[in-house]
Amino acid sequence: SQDREGGRIKVLWNATEDLEVLWSSSYQATESMNDMGLITYGKDNITQGMPISGQPWSVFAAALGKTLAPISLGNASQNDWGHSEDKMERHILTLNWSLPGHSLRSVSAYEDVSIFVDQDQDRTSLDLSNLAAASEARVLTQEFVLSSESDSKLSYLAGVFYQEEDLITDVTLMDGADLIALRRGLILPSTEVSVPRNNSSQAVFASATYEFTDELRLTAGVRYTEDTKEMVQTMRLPGPFPLLTTIDGNETFGEWTYSTKLQYDLTPDKMLYLAFDTGFKAGGFNAQNAGCLLSGFRFGCLTADQLNFEPETTDSLEAGIKSEWLDGRIRVNGAIFIQTYDDYHVAEAQPAQAFVLINNAAEV
């Protein structure tokens with residue numbers, strides 16, 4: 001049960017003989033129901049602190065004088081279907097200038113993404129807990145690239161890049177009628193979590209290609225990337241202490257990355273290549289889960305190692321061939337490669353956590 005709509009427009013304007021302007025805009029929206037169906041019933045992981053917390057869902061049902069709905073593949077068992085909505089709009093302005101012996105390109109982009117999710121948190125036919133989460137991200141990027149345009153053996157490009165990203169996630173956990181009944185009519189205020197984040201990235205890069213002969217050329221590139229991440233998590237809790245700040249993270253990650261490629265033309269339509277590249281992805285922070293805070297840091301809390309995750313780096317080596325045969329009627333491309341990741345980012349969807357947990361695997 002999903003509805004999707006979207007649109008895109010592009011406009012090209014040749015402003016002068018030396019200036020080309022390209023504008024593009026796109027929009028997409030999706031709305032759907034949430035099927036939170038289970039394969040089998042497990043144990044409670046959302047009602048920490050209650051006398052029967054951590055028990056199988058059948059214990060809760062028995063305490064309420066109810067029976068859990070039977071589970072079968074393809075049929076959801078939650079009592080509240082909920083729904084999700086997401087919208088995305090993107091605008092990109094590209095300017096291309098022709099200069100003496102060079103060309104200069106500017107790419108400016110803005111993106112706005114919003115997501116709303118309303119779902120049955122316990123995923124059963126009992127009315128225990130519901131979650132509503134709203135997220136919005138605004139991203140602004142700017143890149144300038146200067147490249148050579150000549151027939152010499154050496155060609156090159158250099159550029160700078162900047163990105164600013166503001167994100168906020170608001171989560172509300174609401175008790176259902178059955179949970180209130182288990183508390184014998186005690187109604188507690190909803191738990192509210194807010195996680196604003198700011199990510200910025202800036203980089204400088206350059207690449208050059210030198211042709212030793214008409215058949216042999218070498219390309220080498222270098223880039224320095226610096227990413228800064230900030231996150232503050234606050235929670236409004238039931239009880240006499242309504243506001244609690246749990247995480248205030250601010251860290252900068254920087255890394256040099258490299259790229260080298262050697263190409264050799266066997267014939268005008270057959271080329272061999274060998275490439276070595278390195279890559280980098282910044283580290284960051286995980287948000288504390290609601291159950292930990294509701295239980296006064298006694299149940300379901302992240303460990304000190306889980307609160308932060310380290311940057312991920314990668315090295316890759318590749319060799320291959322690109323070729324055409326029989327006057328272009330047959331194209332044969334092949335490659336062999338090995339890629340190694342250190343501190344690989346692993347996304348773990350843990351039911352007890354309000355957010356996806358990112359961990360580092362030592363090597364992949």
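If you read the sequence from its start, that first residue is 1, and numbering goes on from there.
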_Pairwise side-chain contact, Val145 with Val107, heavy-atom cut-off 4.5 Å (strictly under)_ = no
*asked:* For Ala282 versus Phe253, what's the shortest heavy-atom pair and its separation?
replied: CB-CD1, 3.9 Å
*Does Lys229 use its side chain to pair, donor to acceptor, with the backbone of Gly283 at less than 3.5 Å?*
yes
*What is the distance from atom CE of Met271 to atom NZ of Lys322, rounded to the nearest 0.5 Å?*
6.5 Å
*asked:* Counting C-beta onward and ignoring hydrogens, is there a side-chain heavy-atom pair between Tyr27 and Met88 closer than 4.5 Å?
replied: no
*asked:* Taking Leu22 as the starting point, is it possible to reach Leu19 by hopping between hydrophobic residues whose side chains are less than 4.5 Å apart?
replied: no
*About how many Å separate OG1 of Thr228 and CD of Gln202, when rounded to the nearest 0.5 Å?*
6.5 Å
_Atom CD of residue position Gln2 - does it have more than 12 heavy atoms of other residues, nucleotides or ligands inside 6.0 Å?_
yes
*Steps toward side chain to side chain contact (heavy atoms under 4.5 Å, CB included) verdict (Asn130, Gln121)*: CA-CA 5 Å; Asn130 296 286; Gln121 182 74 343; 5.7 Å; no
_Audit row: Gln142, Ser106, side-chain hydrogen bond (donor to acceptor under 3.5 Å, both in side chains) steps and yes/no_ = CA-CA 7 Å; Gln142 176 63 52; Ser106 167; 3.0 Å; yes
_Keeping Ser125 on the side-chain end and Ala69 on the backbone end, is there a donor-acceptor pair under 3.5 Å?_
yes
*Going by heavy atoms in the side chains, are Ile338 and Ser316 under 4.5 Å from each other?*
no
*Taking only Lys NZ, Arg NE, NH1 and NH2, and the carboxylate oxygens of Asp or Glu, determine whether Arg138 and Asp112 approach each other closer than 4.0 Å.*
yes
_Side-chain donor/acceptor of His345 to backbone N/O of Glu310, under 3.5 Å_ = yes
*Using the side-chain hydrogen bond (donor to acceptor under 3.5 Å, both in side chains) rule, take Thr314 and Gln339 through it: C-alpha gap first, then chi angles, then the decisive distance, then the call.*
CA-CA 7 Å; Thr314 181; Gln339 186 165 6; 3.2 Å; yes
*asked:* Given 3.5 Å as the limit, does a donor-acceptor pair link the side chain of Asn286 with the main chain of Gln306, or not?
replied: yes
_Atom CD1 of Ile336: over 12 foreign heavy atoms under 6.0 Å_ = no
*Can you tell if the side chain of Phe116 reaches within under 4.5 Å of the side chain of Asp86, non-hydrogen atoms only?*
no
_Leu128 side chain near Trp57 side chain, heavy-atom distance below 4.5 Å_ = yes
_Run Tyr162 and Glu143 through side-chain hydrogen bond (donor to acceptor under 3.5 Å, both in side chains) and show every step you take._
CA-CA 6 Å; Tyr162 179 77; Glu143 183 178 68; over 6 Å; no
*asked:* Distance alone, cut at 3.5 Å: any donor-acceptor contact between the side chains of Glu348 and Asn359?
replied: yes
*asked:* Using every non-hydrogen atom in the two residues, find where Tyr224 and Gly254 come nearest and quote the distance to one decimal.
replied: OH-CA, 3.7 Å
*Looking only at non-hydrogen atoms, find the nearest pair between Asp127 and Ala177 and report the distance.*
OD2-N, 3.1 Å
_Heavy atoms of other groups near Asn333 CG, more than 12 under 6.0 Å_ = yes
*So, Thr257 side chain and Gly279 main chain: donor-acceptor pair closer than 3.5 Å or not?*
no
*Do the rings of Tyr110 and His91 sit parallel, tilted or perpendicular, given the 30° and 60° boundaries?*
parallel
_With a 4.5 Å cut-off on side-chain heavy atoms, are Asn360 and Tyr344 touching?_
no
*Is the charged tip of Arg197 near the ring of Phe285: under 6.0 Å from the six-membered ring centre and within 45° of its axis?*
no
*Tyr258 OH: over 12 foreign heavy atoms closer than 6.0 Å*: yes
*Can you tell me how far the CG atom of Asp120 sits from the CG atom of Leu131, to the nearest 0.5 Å?*
10.0 Å
_Cluster check Leu157, Leu154: I/L/V/M/F/W/Y, side chain < 4.5 angstrom_ = no
*asked:* Has Ser259 got a side-chain atom pairing as donor or acceptor with Ala220's backbone, closer than 3.5 angstrom?
replied: no
*asked:* Could you report the tightest heavy-atom contact between Leu68 and Ser58, atom names first, then the distance?
replied: CD1-N, 3.8 Å
*Check the pair Val113 / Val139 against side chain to side chain contact (heavy atoms under 4.5 Å, CB included), numbers first and verdict last.*
CA-CA 9 Å; Val113 179; Val139 186; over 6 Å; no
_For residues Ile321 and Leu218: do they belong to one hydrophobic cluster (side chain heavy atoms under 4.5 Å, members Ile, Leu, Val, Met, Phe, Trp, Tyr)?_
yes
*Under 3.5 Å, is there a donor-acceptor pair between the Ser148 and Ser155 side chains?*
no
*How about Thr124 and Asp122: does a side-chain donor come under 3.5 Å of a side-chain acceptor?*
yes
_Is there a salt bridge (Lys or Arg N to Asp or Glu O under 4.0 Å) between Arg90 and Glu111? Walk through the geometry before answering._
CA-CA 4 Å; Arg90 180 184 293 131; Glu111 185 176 79; 2.5 Å; yes
*Side chains of Thr225 and Arg223: is there a donor and an acceptor less than 3.5 Å apart?*
yes
*Output the distance between atom CZ (Arg331) and atom CG (Leu326), rounded to the nearest 0.5 Å.*
13.5 Å
*Not counting sequence neighbours, which residues clear side chain to side chain donor-acceptor pair (under 3.5 Å) with Glu215? List them please.*
Thr213
*State whether a side-chain donor-acceptor pair under 3.5 Å links Glu20 with Ser98.*
no
*Could you tell me whether the side chains of Glu149 and Ser103 share a donor-acceptor contact shorter than 3.5 Å?*
yes
_Please determine whether side chain to side chain contact (heavy atoms under 4.5 Å, CB included) holds for the pair Leu216 and Tyr264, giving the CA-CA distance in whole Å, both sets of side-chain angles, and the decisive distance to 0.1 Å._
CA-CA 5 Å; Leu216 181 65; Tyr264 181 74; 4.1 Å; yes
_Donor-acceptor pair, side chain of Lys270 and main chain of Glu324, under 3.5 angstrom_ = yes
*Determine whether Trp23 and Ile92 make a side-chain contact, defined as any pair of heavy atoms from C-beta on separated by less than 4.5 Å.*
no
*Under the criterion side-chain contact (heavy atoms from CB on, under 4.5 Å), which of Gln263, Lys153, Lys261 is the partner of Arg217?*
Gln263
_Spacing of Thr252 atom OG1 and Asp227 atom CG [to the nearest 0.5 Å]_ = 9.0 Å
*Are side-chain N/O atoms of Glu164 and Asn198 paired as donor and acceptor at under 3.5 Å?*
yes
*Smallest separation among heavy atoms of Asp343 and Pro311, with atom names*: CB-O, 3.2 Å
*Got Leu146 and Phe144 here, is their nearest side-chain heavy-atom distance under 4.5 Å?*
no
*Charged N to carboxylate O under 4.0 angstrom, Lys66 versus Asp178?*
yes
_Can you confirm whether the side chains of Thr278 and Asp315 place a donor and an acceptor under 3.5 Å from each other?_
no
*Would you call the rings of Phe212 and Tyr210 parallel, tilted or perpendicular if under 30° counts as parallel and over 60° as perpendicular?*
perpendicular
*Asn96 side, atom CG; Asn14 side, atom CG - distance, nearest 0.5 Å*: 10.5 Å
